[in-house]
Amino acid sequence: MINVTLPDGTVKQFDKGATAMDVAMSISEGLARNVLSANINGETWDANRPINEDVTITLNTWRDKDGKATFWHSSAHLLAEALEAIMPGTKFGIGPAIDNGFYYDVDTGDKTLTPDDLTKIEAKMLELAREKNQFVRKEVSKAEAIAFFEEKNDEYKLELLEDLEDGTITFYTQGNFTDLCRGPHLADTSNIKAIKLMSLAGAYWRGDETRKQMTRIYGITFPKQKELKEYLVMLEEAKKRDHRKLGKELELFMFSEKVGSGLPIWLPKGTQIRERLQNFLKAEQEKRGYKMVATPHIGHKNLYITSGHYAKYGEDSFQPIQTPREDEEFLLKPMNCPHHCEIFANRPRSYKELPLRIAEFGTVYRYEQSGELHGLSRVRGFTQDDAHIFCTTDQLKDEFLNVLDLTKTVLAKMGFDDYTAQISLRDPNNPDKYIGSAENWDAAEAAIIDATKEVDFKTITAYGEAAFYGPKLDFMIKDALGRSWQLGTIQVDYNLPERFELEYTGSDNAGHRPVMIHRAPFGSMERFMSILIEHTAGKFPLWLTPEQFVLIPVSDRFNDYCRDVEAQLALHDIRGFIDDRSETIGKKIRDNELKKIPLLLIVGEKEVAANSVALRIQGEGDKGVYDIPNFVEFFKTLM
RNA sequence: GCCAAUGUAGCUCAGGGGUAGAGCACUUCCAUGGUAAGGAAGGGGUCGUAGGUUCAAAUCCUAUCAUUGGCUCCA
């Protein structure tokens, strides 16, 4: 007999060789029907794999992340089976579950997969799923495994096998398809009821761009057709929030082939929002002791030789700008820190000046690869809400707290609450990768960790993700389609002060090297804007929105009155415009609702008589009549 | 940069070897309308760009640029 401990602490006894399915059955038949896999002592297992010792168990269903992962991983195998049936000789790379579905990297040789093929594969998958084939786990020796894939001529699986130890290798077979796989899998294919292959993409084998590019097939499956439909509807809804679409519709920004790809052009409405964001941040920074500076868009080549960027990124960047003078070269600045280092070096500095916090909305240019450009999220020219803090190691933690407080204030003001702070530390196995003494790194990493604890941030720690010059903290946030982007960042830097030979005079009258913190709460105005658009679906908070109200006269007889109201509201810094087109009232309301103007003020005979407006809130409908002072009061409650 | 797809009017899209279509937007006129599309008329495109095939190319081919989905990269 074995003891099985359930998540609630209950211990049940079973015969040796019982399965998670048996455990589920002992609880209820319904649960047994829904169990997809189980976590056994922390490891995910097939629901029908025999258990031979005392274990702690969690049963995974569709509602659990691990359950979905099992479902989707099995779906990937089903995809492979279908593809092998349709295109014999296809070679397979890896086929894992991901956050939303699964993919399989395949090599179809000379044949190129087309979207039409996906439809055929889907149909085949459904057909195979209905066969209710069991996923059969088998432990194999390495020699057996190698023989199997040599027979199949699948060099990818053979390469994967090289890294596996004999005795730990398992195969899974369902129907006619056998794959090298750790598992776990569903009991059989019949749970997979709804299938959608989403897209095709190229993907380098093992993520290495020097290796062969395979075809990646992305797909998603569900236990119910209805869930697939809901998922697709959700995707459609998400697309409506896409900042590229809304940016065009709301006339916030544009791109021009003539100006160049990846170079965003901010239109008047977008610029208004951008400037309000900047003014807000400036005010917050002023409270926290920052001084604004302004530096040129280019810098002498020598600046970047000093900073080390020339050697590291020279060839992959915008190329140097020549001058009439021979051998003189300037670079478009890819970051602001070298300029700011020169500001620090401008004159002798005393420890009494530290921490020195200098800030700039600095526009930088980076030659991103053409395939990487993405709306406002990934561009070649963008403005960082940059600042550099020069301080002593002892001041690091307080400065970190100061920056964290600022970042928190900024994100809260925008209503962003679903973000992750990633602490990036050294790779403990690779200490030579990093510049600076171990003591300094210890101090900086401790400062970050302590500071994030004090402000109670939701953090994840990533070892080995630190920059070579120092540890960092990045704020990650998702766009409408669930893609993760880095917004704000805080980075400790020991390298640049060293390279620029920055010094301050300490209380001991000796020279000391400062530490530098790079930080940008928004990250860049462009990327921040893209996320802001997607999170608000274009319904910006009232303080940010370019047009807070629209006055809609019922007929053009009331245009003069509207102008009067507009002027009265302007006195209270309430901004908007008059829709004096000769259209029907219904039409004007519809148009302005679609433009997402927050407050619609309808004005006709009655309103003119009572010096009032009839208020309608975007998306909410009629809110009744307000006289002007009351409306101003009401407006203030919304801000 | 790599793989794949797409590129037709300001926008969304249909069409497809025989000289270009819809809806919305725009202009003008009529209507002066009370809470999500009033009516009529009109203007607007060398079908991304450059070559090629053809009697004839927006349509087929090649190259190129841009965009989209991924991969790689990301100071």
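So that the names make sense, note that chain A is the first sequence line, chain B the second, and so on, each numbered from 1. Computed over heavy atoms, backbone and side chain alike; hydrogens, waters and symmetry mates excluded. All figures in this text were calculated on a predicted structure; none of them were measured in a lab.
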May I ask you to verify if any side-chain N or O of [X] is less than 4.0 angstrom from the OP1 or OP2 atom of [N]?
| X | N | value |
| --- | --- | --- |
| A:Ser199 | B:G69 | no |
| A:Arg581 | B:U28 | no |
| A:His374 | B:G69 | yes |
| A:Arg483 | B:G70 | yes |

Whole-angstrom distance between B:A58 and B:U19, as gauged at atom C1':
10 Å
Rounding to an integer number of angstrom, what distance separates B:G7 and B:C24 when you compare their P atoms?
24 Å
Using a heavy-atom cut-off of under 4.0 Å over every strand shown, decide if A:Ser582 touches base, sugar-phosphate, or nothing.
base
Base, sugar-phosphate or nothing for A:Arg616? Non-hydrogen atoms, less than 4.0 Å.
base
So do A:His243 and A:Met529 actually touch side chain to side chain, heavy atoms under 4.5 Å?
no
Are the side chains of A:Tyr204 and A:Asp105 in contact, using a 4.5 Å heavy-atom criterion?
no
Considering only heavy atoms, which members of residues 329-338 of chain A lie under 4.0 Å from some atom of RNA chain B?
A:Pro334, A:Met335
Any side-chain to backbone donor/acceptor pair from A:His388 onto A:Leu356? Under 3.5 Å, distance only.
no
Distance under 6.0 Å and angle within 45° of the ring axis: does A:Arg380 meet both against A:Tyr367?
yes
Whole-Å distance separating the [atom1] atom of [X] from the [atom2] atom of [N]:
| X | N | atom1 | atom2 | value |
| --- | --- | --- | --- | --- |
| A:Gln213 | B:C73 | CD | C1' | 14 Å |
| A:Tyr204 | B:C73 | OH | C1' | 10 Å |
| A:Arg366 | B:C73 | CZ | C1' | 13 Å |

Tell me which one of A:Lys245, A:Lys240, A:Arg244, A:Lys239 satisfies side chain to side chain donor-acceptor pair (under 3.5 Å) with A:Asp242.
A:Arg244
Solution key, residues 257-271 of chain A side-chain donor-acceptor pairs under 3.5 Å, sequence neighbours excluded:
unit_1, atom_1, unit_2, atom_2, d
A:Trp266, NE1, A:Glu526, OE2, 3.3
A:Thr271, OG1, A:Trp266, O, 3.4
A:Thr271, OG1, A:Leu267, O, 2.8

